[in-house]
S.K.: 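Have a look at this one.
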Amino acid sequence: MEKISNKNATVGVVGLGYVGLPLAVEVAKQGFNVYGFDVSEEKVNQLKDGNSYVMDVSDSTLQDIIDGSFVPTTDFSNIKHCDAISICVPTPLNKTKDPDVSFINAVVQELIQYMTKDTVVILESTTYPGTTEELIKNVIEEETDYKVGEDVFLCFSPERVDPGNPQFNTKNTPKVIGGVTPTCLEIGLRLYNSFLENLVPVSSTSVAEMVKLLENTFRSVNIGLVNELTVMCDRMDINVWEVIDAAATKPFGYMPFYPGPGIGGHCIPLDPMYLSWKAKMFNFYNRFIELASDVNGNMPRYVLQQVSDLLNENEKPIKNSNVLIVGLAYKKDIDDLRESPAVELFRLLEDKGANVTYHDPYVKSFKNRGEVLEPVSLDENTVSNSDIVVIATNHTDVDYQMVIDNAQIVYDTRNVTKKYNTGSNVVLLGGSKHDEEVRLLEQKFGLTPK
Ligand SMILES: NC(=O)c1ccc[n+]([C@@H]2O[C@H](COP(=O)([O-])OP(=O)(O)OC[C@H]3O[C@@H](n4cnc5c(N)ncnc54)[C@H](O)[C@@H]3O)[C@@H](O)[C@H]2O)c1
């Protein structure tokens, strides 16, 4: 505690990805000495050269701390120099959609070899309730002479960072934290209080683990609901976007969620499955989770069907049609392709024999079935030579007016064309027409546009 207060503590961050790198940088900026551990030599070397591969960390911020307070390394024996360790390794699903906790287990094996007395360990990776006790506490107590809560201290604190969010970052996003014992929690709070703005203590590590899963299950279920309504609105010829915008004017009791070609990223498609997997051990079947996963998981296939129908109207089969996907990342203004529904759509279209290309200002290359593909430039030629342009992600830095003006058909899955002058060549996921007439009336009556 004294070392933390004096900022003499050395902090280790294990796993330098989207979560771990911004955390390590924030801790180093607050004056602590930080070791960043990763198994990837390539990433560590890149960091040592002052090059960040995470968009939320700029090269200049990294260069200010590298060779000083921040030491990236692949040498896990440096754990012995650390007073505190935050673990931010991946928690993916395996092929049968069960949790793959092998990354956490690998870190625990390093910990039990090198950790010293009084170390505080905080798991940040999203995982099922019980993980911190089952996979870390029990192993430490079985494999070393340390007792958790007396000799070493253990907490769970889920990472909530929203990559690319300009308003909320690692430092100012409230942080939930639970300890294995009250002393563990007190030490964890003391540590995180020295570099984060707002802490939310909870009574146990299981509560903290469950908080994260509730948050992401809430998103998955609500997106699933709106995606299902979208498919229904298509059938009923009602513009779902207009419905959502109007509903969102209710100042209480409603929160808008928007449709899209599916869900992506390392969190929303995966995290709820951690919970439903664990629940099955208690003979409990999470219907909401499974249903949302089913609805959201089928959206790329629904978009494929819509694309096929639109081409059909133009008397073209998908086979040998030129399809241009605009936006390949899983969400707006970031470069992350993990679980991206646009990538799945790309492959589904290829499987049907289409000639698929992509444009994405953030994705400079993309490994597709072993082949490295590069984006096409977005100009009048590439757009007009495509039989259909599918807007899969609504990046800001795209000339949508040019796309609309030159494309034969635009299929917009994100309603990004709403702000532009559109013609009959633009078709929306969830409603065939833009509410042009309403927009004119809004102007006429001086109303704030929805
Ligand atoms: N990406 C997000 O937006 C986000 C948000 C909140 C929570 N999370 C959670 O945070 C965790 C990390 O996610 P991420 O997006 O940072 O993943 P990531 O893949 O970007 O980074 C993980 C890093 O860990 C490294 N690694 C793998 N095995 C290791 C080991 N044994 N020792 C040391 N390093 C190892 C990898 O090389 C990689 O650099 C996951 O549990 C995820 O669910 C992610």
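For clarity, every value in this text was computed on a predicted model and none was experimentally measured. Both ligands and their constituent atoms are indexed starting at 1 by order of listing.
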S.K.: Are Tyr114 and Phe76, when compared by the centres of their aromatic rings, separated by less than 6.0 Å?
M.R.: no
S.K.: So, is Tyr330 polar-close to ligand 1, with some N/O to N/O distance under 3.5 Å?
M.R.: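 N/O-N/O distance under 3.5 Å: no.
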S.K.: Can you sort out which atoms of ligand 1 are near Lys212, meaning under 4.0 Å from one of its heavy atoms?
M.R.: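 Heavy-atom distances to Lys212 below 4.0 Å select 6 (C), 7 (C).
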S.K.: Counting from 1, what ligand 1 atoms have a heavy atom of Val39 closer than 4.0 Å?
M.R.: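 Result: 26 (N), 27 (C), 28 (N), 29 (C), 30 (C), 31 (N), 32 (N), 33 (C), 34 (N), 35 (C), 37 (O).
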S.K.: Do any nitrogen or oxygen atoms of Thr91 come within less than 3.5 Å of a nitrogen or oxygen of ligand 1?
M.R.: yes
S.K.: Tell me whether the centres of the aromatic rings in Tyr53 and Tyr18 are closer together than 6.0 Å.
M.R.: no
S.K.: Which of the atoms of ligand 1 are close to Val14, meaning less than 4.0 Å from one of its heavy atoms?
M.R.: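 So the answer, numbered in order with elements, is 32 (N), 33 (C).
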S.K.: Side chain, backbone, both or neither: which part of Pro158 has a heavy atom under 4.0 Å from ligand 1?
M.R.: neither
S.K.: At under 4.0 Å between heavy atoms, is it the side chain or the backbone of Arg338 that contacts ligand 1, or both, or neither?
M.R.: side chain
S.K.: Between Ser125 and ligand 1, find which residue part has any heavy-atom pair under 4.0 Å and reply side chain, backbone, both or neither.
M.R.: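 It is both backbone and side chain that touch ligand 1.
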S.K.: With atoms numbered from 1 as shown, which atoms in ligand 1 lie under 4.0 angstrom from a non-hydrogen atom of Gly17?
M.R.: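 Those qualifying, in numeric order: 16 (O), 18 (P), 20 (O), 21 (O), 23 (C), 39 (O).
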S.K.: Can you check whether Glu159 has an N/O within less than 3.5 Å of an N/O in ligand 1?
M.R.: no
S.K.: Counting only heavy atoms closer than 4.0 Å, does ligand 1 sit against the backbone of Glu124, its side chain, both, or neither?
M.R.: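 The answer is neither; Glu124 stays 4.0 Å or more away.
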S.K.: Short N/O distance, under 3.5 Å, between Val19 and ligand 1?
M.R.: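 Indeed, backbone or side chain, Val19 has an N or O that close.
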S.K.: Does an N or O from Lys43, backbone or side chain, lie closer than 3.5 Å to an N or O of ligand 1?
M.R.: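 Indeed, backbone or side chain, Lys43 has an N or O that close.
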S.K.: Does Lys332 reach the main-chain N or O of Thr396 with its side chain, forming a donor-acceptor pair under 3.5 Å?
M.R.: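 Checked: no pair found.
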